Amino acid sequence: MEVLQILLNHKNERGKIVRYDFRGIITSVDFIDLYRNRYRNLVIIPLINSLVAIPLTDELFDEINTNQEMAITNYEYLTDQIGKFCSEISQYSRTAYVEAEYFGGVGSQSGIVWELGEVILKRP
């Protein structure tokens, strides 16, 4: 989560964090060749150490879910279809789904990590 804080912080003129918001997937660059053409709204942002972020935009959310989703408890945007996608990616690389939202220093973050198709960590 610290990587997200560094990348997504918005500071005011006094250097205080005002707001950041992220929902998406973090995984290794290794998955790209397998999934690059699967979703046309998939945006891949290179991070550090061969990691990539895949923001869950409204367009990607709709494309993955195709109006057949079931929400996952304690998450605002995570659905069973997005979880299935993360589980598939995790067959090749450890994969995390992250939701984080802060405003004026107050907020929350949650995440689930998959490895080899199984959930290995869940933090609501």
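Not measured: the values here are computed from a predicted model. Below, each value reflects all heavy atoms present in this structure, side chains not excepted, and no hydrogens, waters or symmetry copies.
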Shared ILVMFWY cluster between Y97 and V52, side chains joined below 4.5 angstrom? yes
Without placing hydrogens or testing angles, list every side-chain donor-acceptor pair under 3.5 Å for residues 78-91, not counting sequence neighbours.
{"residue": "T79", "atom": "OG1", "partner": "N65", "partner atom": "OD1", "Å": "2.6"}
{"residue": "T79", "atom": "OG1", "partner": "Q81", "partner atom": "N", "Å": "3.4"}
{"residue": "T79", "atom": "OG1", "partner": "I82", "partner atom": "N", "Å": "3.2"}
{"residue": "D80", "atom": "OD1", "partner": "M70", "partner atom": "N", "Å": "2.7"}
{"residue": "S87", "atom": "OG", "partner": "G117", "partner atom": "O", "Å": "3.1"}
{"residue": "E88", "atom": "OE1", "partner": "R38", "partner atom": "NH1", "Å": "2.5"}
{"residue": "E88", "atom": "OE1", "partner": "R38", "partner atom": "NH2", "Å": "3.2"}
{"residue": "S90", "atom": "OG", "partner": "S87", "partner atom": "O", "Å": "2.7"}
{"residue": "S90", "atom": "OG", "partner": "G117", "partner atom": "N", "Å": "2.8"}
{"residue": "Q91", "atom": "NE2", "partner": "L116", "partner atom": "O", "Å": "3.4"}

Lys/Arg N to Asp/Glu carboxylate O, R94 vs D30, below 4.0 Å: no
About how many Å separate CD1 of I72 and NZ of K122, when rounded to the nearest 0.5 Å? 7.0 Å
OG/S110 to CD/E101 distance, rounded to the nearest 0.5 angstrom? 10.0 Å
Co-membership, hydrophobic cluster, residues W114 and L60, 4.5 Å side-chain: yes
Test side-chain contact (heavy atoms from CB on, under 4.5 Å) on E76 and R23; report intermediate values, then the result. CA-CA 9 Å; E76 191 170 345; R23 64 179 188 259; over 6 Å; no
Give, for atom CG of D62 and atom CG of N41, the distance between the pair rounded to the nearest 0.5 Å. 8.5 Å
Just by modelled atom types, is the I120 backbone N or O under 3.5 Å from a matching donor or acceptor in the E115 side chain? no
If Ile, Leu, Val, Met, Phe, Trp and Tyr residues are connected whenever their side-chain heavy atoms lie under 4.5 Å apart, and connections chain through other members, are I25 and V113 in the same group? no
Which atom names give the shortest non-hydrogen contact between S93 and T27, and what distance separates them? OG-OG1, 3.4 Å
Gap between atom CZ of R123 and atom CD1 of I112 - 0.5 Å precision: 11.5 Å
Taking all non-hydrogen atoms of both residues, which atom of F22 and which atom of P55 are closest, and how far apart? CE1-CA, 4.3 Å
Search all heavy atoms of E63 against all heavy atoms of Y39 and return the closest pair with its distance. OE2-CA, 3.2 Å
Can you get from L51 to L121 by hopping between Ile, Leu, Val, Met, Phe, Trp and Tyr side chains that sit under 4.5 Å apart? no
Once rounded to the nearest 0.5 Å, what's the spacing between atom CD1 of I26 and atom CD1 of I45? 10.0 Å
